[in-house]
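Working notes, structure below.
Side chains are part of it too, since the values below use all heavy atoms of this structure and drop only hydrogens, waters and symmetry mates.
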Amino acid sequence: METNHPAAPRSAPFIPQLRLYRAWLERHRGLAFDDYGALWRWSVTDLDAFWQSVWDYFGIESPTPHTAVLARNTMPGAEWFPGAQVNYARQALRHADAAHAAGQPAVISRNERGEHREIAWPELRRQVAALALHLRAQGVRPGDRVAAYLPNIPEAMVALLATASLGAIWSVCAPDMGTAAVLDRFRQIEPKVLIAVDGVTYGGRDLDRRNVLAELRGALPTLQHMVVVDQLGTAKTIANYVDYTAASAQNDAETDAFEPLWLPFDHPLWIVYSSGTTGLPKPIVHGHGGMVLVALLLKGLHNDIGPSHEPNSFGERYHWYSSTGWVMWNAQVSGLLSGTTCVIYDGNPGGSKERPDWGTLWRFAAETGVTFFGAGAAFYANCMKAGLDLAACGDLSRIRALGTTGSPLSPEVQEWGTAQFARIAGGPRGGEPIWWDNISGGTDFCGAFIGGDRELPQVPGEMQCRMLGAAVEAWDAQGRPVVGEVGELVCTQPIPSMPLYFWGDAPEGMAPLPGHPGGPRYLASYFDMYPPGHGRRPGGGDGPASLGAVWRHGDWLRIGEEGRCVIYGRSDATINRHGLRMGTSELYRAVEALPEVLDSLVVDLEYLGRESYMPLFVALREGAMLDGPLRERIAGAIRTALSPRFVPDEIVQVAEVPRTLTGKKQELPIKKLLLGQPLEKVVNRDAMANPGCLAWYEAFAQAHAARRPADAAGR
């Protein structure tokens with residue numbers, strides 16, 4: 001079914017969802033708060049009361065009662081809602097009848113070829129049931145892994161919900177990722193089923209992925225079944241697969257009667273990947289209950305996105321441009337949890353290389369009646385640089401909020417967008433300036449630490465508040481909370497969506513699968529910087545060591561006196577390009593496979609208000625020269641193995657890569673040096689195997705100091 005007729009516009013603005021929640025708290029709990037700061041302090045101090053209120057406010061259902069809210073406050077290993085049963089797919093589909101009766105679709109999608117689809121809620125429910133029954137017939141059971149190699153299309157959303165409905169565990173990689181990067185992820189989780197696409201269209205080109213599928217099948221011995229979405233019409237040449245359309249075609253009494261399984265609150269839902277500086281990507285396992293609870297909090301309160309069928313938010317249409325390789329795809333799908341119409345686009349938001357067009361998404365939003373428009377911060381910067389006139393992109397008057405994440409949004413870009421929307425009259429904003437919902441969080445816990453409140457003041461370049469339930473602080477070098485200064489972002493109390501564990505990350509002496517909350521890799525990723533108990537008492541102060549350590553996220557954060565926040569980039573060496581994180585080790589494997597490259601080192605420098613700058617330093621074999629062809633081969637290796645997003649801004653030949661006595665690359669010290677810190681404060685020469693090479697890097701940092709804004713130094 002197709003339509004070009006968006007829901008009727010509202011003449012008055014929605015009542016903010018956070019205001020409705022505060023009124024509910026006063027009416028049902030007798031709790032009143034003078035301002036947002038007081039509400040936030042309660043949410044991170046009385047954890048049981050706050051998270052129970054979220055459960056009750058959104059009417060989360062369970063056939064069995066929970067015996068506690070936070071039964072065990074430990075980090076990691078917090079135990080939430082024991083005894084409760086939930087299912088992510090069940091929560092999404094519970095709105096189907098009401099939303100359909102109100103004339104609201106579940107999903108609206110379009111791709112670069114102009115193929116426009118609209119999926120009604122009953123049809124979404126039928127497809128989920130049909131595909132789930134197909135997977136079950138293939139032997140998929142709770143705990144089995146279903147891997148996907150799919151773009152941002154409705155089939156990916158259906159496949160996720162079908163997998164979740166069976167209690168199987170979902171994991172997806174985007175088709176712009178090369179075979180090596182995909183195998184680094186899927187090999188770890190040993191999937192039983194692969195749901196894939198024969199190819200994609202991106203930037204005006206058809207990209208055949210059949211060879212990748214053949215390589216994946218050959219390298220994943222646990223695969224027993226493959227379903228293929230025939231996007232380019234080439235799937236018929238693939239051997240031993242089932243066509244997706246056939247796999248999801250069943251429409252009978254069995255599909256009508258199908259219901260997702262009730263599962264324990266912490267039953268695994270999906271595996272996502274975030275990379276550190278060494279080793280393979282981290283396979284992070286999140287649970288059904290935590291994802292439902294935190295997604296409803298994020299979308300339904302802080303992002304101010306309501307059910308499309310309710311009067312206050314009637315006709316809500318939620319769009320956040322993303323690929324399936326970014327956690328914002330998971331965030332987009334979560335709109336279904338509250339009965340919101342999700343509007344998705346598959347393709348290049350900037351047109352093709354030959355015909356750049358940064359109006360693509362805006363015209364799509366105008367034609368489909370989008371009310372909440374989200375994208376990475378770099379997208380808005382590109383629109384500004386292209387001189388885009390939003391008023392010429394169609395009727396954008398229904399957009400009342402702009403969401404951003406992935407990197408800091410500069411004040412100049414925010415001011416540009418605000419001025420653009422000041423020229424767009426009408427719609428649900430009631431004459432108010434466009435609201436920027438700038439958020440910061442991560443794949444690691446599939447949520448946000450910092451976000452927005454539509455009724456708080458907006459300051460370009462800053463985020464409005466810490467999220468409810470997120471006990472976030474900025475800590476100085478001595479582990480003390482600071483205000484008005486840049487420090488390490490820590491979260492001192494657990495959040496339900498923090499990982500259950502990393503797949504296969506078991507302590508010594510335990511079985512390797514599926515994992516353990518005390519696994520060494522999980523502990524090292526977030527909990528090894530500060531001593532157990534330090535800062536862990538709810539409300540502030542130290543607690544017993546049995547509470548565990550605070551979560552250290554790896555971002556630089558400044559919290560202002562009014563509670564507004566600024567993220568200054570990564571404090572570790574992880575690459576964060578356009579909202580996608582990748583471990584440096586993955587890039588090294590690609591680059592150092594070239595015979596000319598002996599060693600390499602990459603750092604990603606993020607500056608507030610500027611694009612990131614990512615240089616790659618390469619040490620070459622004797623006689624090799626970093627000429628144009630070799631530069632292109634290095635860039636090509638990264639494009640093929642990882643993604644074009646991770647091609648460095650500059651490739652520089654060096655004599656040596658600095659290493660410690662134990663052989664570790666000195667990524668973080670070099671990053672700090674290039675951010676303006678003095679050499680003697682960032683590295684211990686006595687711990688280095690080759691301290692003589694540091695003089696070159698110090699000179700390089702001084703020569704490139706002009707790239708640094710003044711406030712980047714000293715962090």
Examine distances only and state if a side-chain atom of R564 and a backbone atom of E462 form a donor-acceptor pair shorter than 3.5 Å. no
Quick one: closest heavy-atom pair of I434 and I399, and the distance? CD1-O, 3.6 Å
Hey, are the side chains of H319 and F364 touching, using non-hydrogen atoms and a 4.5 Å cut-off? yes
Here's a test for you: under side chain to side chain donor-acceptor pair (under 3.5 Å), which of T341, T340, T371 qualifies with E316? T371
Restricting to non-hydrogen atoms, name the atom on S643 and the atom on D176 that form the minimum distance, rounded to 0.1 Å. OG-OD2, 3.5 Å
Contact between N111 and I153 at the side-chain level, heavy atoms closer than 4.5 Å - yes or no? no
Taking the side chain as everything from C-beta on, heavy atoms only, tell me whether Y318 gets closer than 4.5 Å to Q332. yes
Are any of the side-chain heavy atoms of W80 and V69 separated by less than 4.5 Å? yes
Kindly say whether the aromatic ring centers of F373 and W362 come within a distance under 6.0 Å. yes
Pick out which of W40, W42, Y21 makes a ring-ring contact (aromatic ring centres under 6.0 Å, His included) with F33. W42
Output, in order, the C-alpha distance, side-chain angles, deciding distance and verdict of side chain to side chain contact (heavy atoms under 4.5 Å, CB included) for V482 and W475. CA-CA 6 Å; V482 294; W475 281 12; over 6 Å; no
Between R558 and V486, the two heavy atoms sitting closest are CB-CG2, 4.2 Å
What closest approach, in Å, do C342 and V333 show between heavy atoms, and which atom pair accounts for it? SG-O, 4.3 Å
Decide side chain to side chain contact (heavy atoms under 4.5 Å, CB included) for S274 and I284; before the verdict, give the C-alpha distance in whole Å, the side-chain angles of both, and the deciding distance to 0.1 Å. CA-CA 7 Å; S274 184; I284 301 169; 3.7 Å; yes
Let me see the working for E367 and R110 under salt bridge (charged side-chain N to carboxylate O under 4.0 Å, His left out), right down to the final yes or no. CA-CA 11 Å; E367 292 163 13; R110 190 175 297 173; 2.4 Å; yes
With distance as the sole test, does D304 use its side chain to make a donor-acceptor pair with the main-chain N or O of Q17 at under 3.5 Å? yes
Close side-chain approach of S397 to I424, heavy-atom, < 4.5 Å: yes
